[in-house]
Amino acid sequence: WPYPGLNCLPSASLDPDAVLKTPFASIKLCKEDGTVYMWRSGRHSTVGWQFVTRHALLRDKLLVAGLVRPCARATGAEEGLLLMLHVAPKRLTPTARDKNPDVAIWPNFWFIVRIHDEDAAMPVVEHTRLAPGWFAELRGGAVALMEHPDSIRKSQLLLFPVMADGRTLVAPGLFIVTRPLQPHNPVLVDNSHAGYKGWKGQGKSSNIPRKPGEAFARRIVRTLHPEGRALQSAWLVEALCGLVVVLHAVDGRVALGHIGPAESEAGLEASVVPATLSASCESGAPCRWSLWPQHRRA
């Protein structure tokens with residue numbers, strides 16, 4: 001991949017009209033009304049600056065860094081561009097957070113736009129998203145964003161696999177929920193004696209007979225504290241057969257997932273293991289991929 005990492009604006013805090021130049025397009029943010037403009041070379045050069053989208057939270061904001069990459073469906077249809085922009089408030093720049101463009105924590109955030117090239121004069125916006133998080137680009141070309149890393153409930157991994165050419169990302173991407181479910185506690189399996197002076201209290205309930213082997217049962221996790229469900233580390237390992245995702249929780253549980261080659265007629269659904277991919281209710285949003293085991297009824 002000849003263009004690794006983000007394209008930064010070292011003078012973003014001084015020049016509000018600075019233009020973010022990338023190998024695929026130039027991006028400009030109008031801070032008065034929060035409008036994003038784009039300039040592309042080649043067959044789009046005669047059009048000039050194109051209107052992309054407008055958002056209220058982009059008002060009085062400045063560009064810090066950004067990434068522009070071509071994207072397409074796994075079947076090869078609907079080619080377009082993916083814009084990931086690191087935005088910061090004007091009154092808080094320059095700050096220590098701007099020194100690392102890969103990290104955007106509130107009040108800084110990432111503004112993600114995915115457009116489709118149906119018309120050269122007016123790009124069609126398929127999906128927009130705004131979230132704080134940590135950005136990472138793998139050596140093979142895949143892009144990942146850990147959203148809300150400081151929250152156990154909101155934290156999730158946004159992942160865009162890459163095709164065989166090493167530059168085109170797979171749209172609409174994947175949402176991976178990083179927190180596991182509540183761990184199993186074998187002591188509370190049989191609740192037939194729960195109630196007055198039950199197992200949770202003190203007294204005669206300690207002599208209640210239990211099932212064989214239940215008195216020596218031990219839970220499979222280190223702790224039942226709610227913070228034990230937090231994510232301790234996430235690993236994205238590239239291999240010849242695809243991409244391997246490893247999630248390690250604080251309580252010791254580990255989840256594994258594998259993404260095979262993206263180019264197939266069946267799409268991205270046929271290349272993920274485990275096959276727990278579900279479409280989002282929002283149009284154009286990334287699909288949800290559940291790596292942690294779910295409690296499902298037969």
Side-chain angles (χ1 to χ4, degrees), residues 5-41 44 47-69 71 80-116 121-137 143-151 153-158 160 172-173 175 282-286:
L6 295 171
N7 298 96
C8 304
L9 281 173
S11 59
S13 59
L14 302 178
D15 187 7
D17 298 327
V19 177
L20 178 66
K21 296 182 179 180
T22 68
F24 300 100
S26 299
I27 307 299
K28 182 174 64 174
L29 175 61
C30 182
K31 64 182 184 64
E32 283 77 13
D33 55 357
T35 305
V36 179
Y37 295 95
M38 177 177 60
W39 179 294
R40 287 181 287 181
S41 59
H44 304 280
V47 180
W49 286 102
Q50 296 175 308
F51 171 83
V52 178
T53 185
R54 182 183 293 114
H55 200 283
L57 292 181
L58 295 180
R59 297 177 181 175
D60 296 330
K61 302 295 191 304
L62 298 176
L63 282 177
V64 177
L67 177 76
V68 179
R69 292 275 297 276
C71 63
L81 286 178
L82 177 69
L83 283 64
M84 301 184 68
L85 307 178
H86 181 175
V87 183
K90 179 181 177 181
R91 65 181 185 277
L92 296 179
T93 55
T95 61
R97 294 173 180 172
D98 298 338
K99 297 180 180 179
N100 188 1
D102 298 339
V103 179
I105 305 299
W106 290 118
N108 296 21
F109 57 86
W110 291 95
F111 186 70
I112 304 173
V113 185
R114 185 164 55 87
I115 63 176
H116 174 46
M122 180 62 68
V124 178
V125 177
E126 290 189 345
H127 181 68
T128 59
R129 184 168 183 83
L130 188 150
W134 302 337
F135 171 86
E137 184 178 14
V143 173
L145 179 65
M146 176 61 70
E147 297 184 357
H148 301 280
D150 54 345
S151 175
R153 184 177 62 87
K154 297 181 180 180
S155 63
Q156 56 187 2
L157 181 63
L158 177 59
F160 291 96
F175 266 142
E282 184 179 357
S283 177

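All values below come from the heavy atoms of this structure, side chains included, with hydrogens, waters and symmetry mates left out. Since the model is a prediction, treat every value here as computed from it, not as a measurement.
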Worksheet item: Taking it one step at a time, do L157 and F175 satisfy side chain to side chain contact (heavy atoms under 4.5 Å, CB included)?
Response: CA-CA 6 Å; L157 181 63; F175 266 142; over 6 Å; no

Worksheet item: When rounded to the nearest 0.5 angstrom, what is the spacing between SG in C8 and NZ in K21?
Response: 15.0 Å

Item to complete: List the steps, then state whether side chain to side chain contact (heavy atoms under 4.5 Å, CB included) holds for L130 with L57.
Response: CA-CA 9 Å; L130 188 150; L57 292 181; 3.8 Å; yes

Item to complete: Let me see the working for F111 and L63 under side chain to side chain contact (heavy atoms under 4.5 Å, CB included), right down to the final yes or no.
Response: CA-CA 10 Å; F111 186 70; L63 282 177; over 6 Å; no

Response to the item:
dist H127:NE2 -> I112:CD1 (nearest 0.5 Å) comes out at 7.5 Å

Fill in: Shortest non-hydrogen separation from K61 to K31 and the atoms involved
O-CB, 3.5 Å

Practice prompt. Determine the interplanar angle of the H86 and W110 rings, folded into 0 to 90°, and report it as parallel if under 30°, tilted if 30 to 60°, perpendicular if over 60°.
Written response: tilted

Worksheet, complete the sentence: Rounding to 0.5 Å, atoms CE (M38) and CG (L83) come to a distance of 6.5 Å

Practice prompt. For the pair H148 (side chain) and K154 (backbone), establish whether a donor and an acceptor sit closer than 3.5 Å, ignoring hydrogens and angles.
Written response: no

Item to complete: Identify the two heavy atoms, one from V125 and one from V113, that lie closest to each other, and give their separation to 0.1 Å.
Response: CG1-CG1, 4.0 Å

Fill in: R54 side, atom CZ; D33 side, atom CG - distance, nearest 0.5 Å
5.0 Å

Worksheet item: With distance as the sole test, does W106 use its side chain to make a donor-acceptor pair with the main-chain N or O of P132 at under 3.5 Å?
Response: no

Practice prompt. Could you tell me which non-hydrogen atom of A88 sits nearest to which non-hydrogen atom of V64, and how far apart they are?
Written response: CB-CG2, 3.7 Å

Worksheet item: Taking atom CD of Q50 and atom OH of Y37, what is their separation to the nearest 0.5 Å?
Response: 12.0 Å

Worksheet item: At their closest point, which heavy atom of S26 faces which heavy atom of V19, and how far apart are they?
Response: CB-CG1, 3.8 Å

Item to complete: Provide the closest heavy-atom pair for L20 versus G66 in the form atom of the first, atom of the second, distance.
Response: CD2-CA, 3.5 Å

Fill in: Shortest non-hydrogen contact between G133 and L145, atoms and distance
C-CD1, 4.0 Å

Discussion item. W39 and ring pair (Phe, Tyr, Trp, His ring centres under 6.0 Å): which single residue from F24, W49, F51 fits?
Written reply: W49

Worksheet item: What is the distance from atom CZ of R69 to atom OG1 of T22, rounded to the nearest 0.5 Å?
Response: 11.0 Å

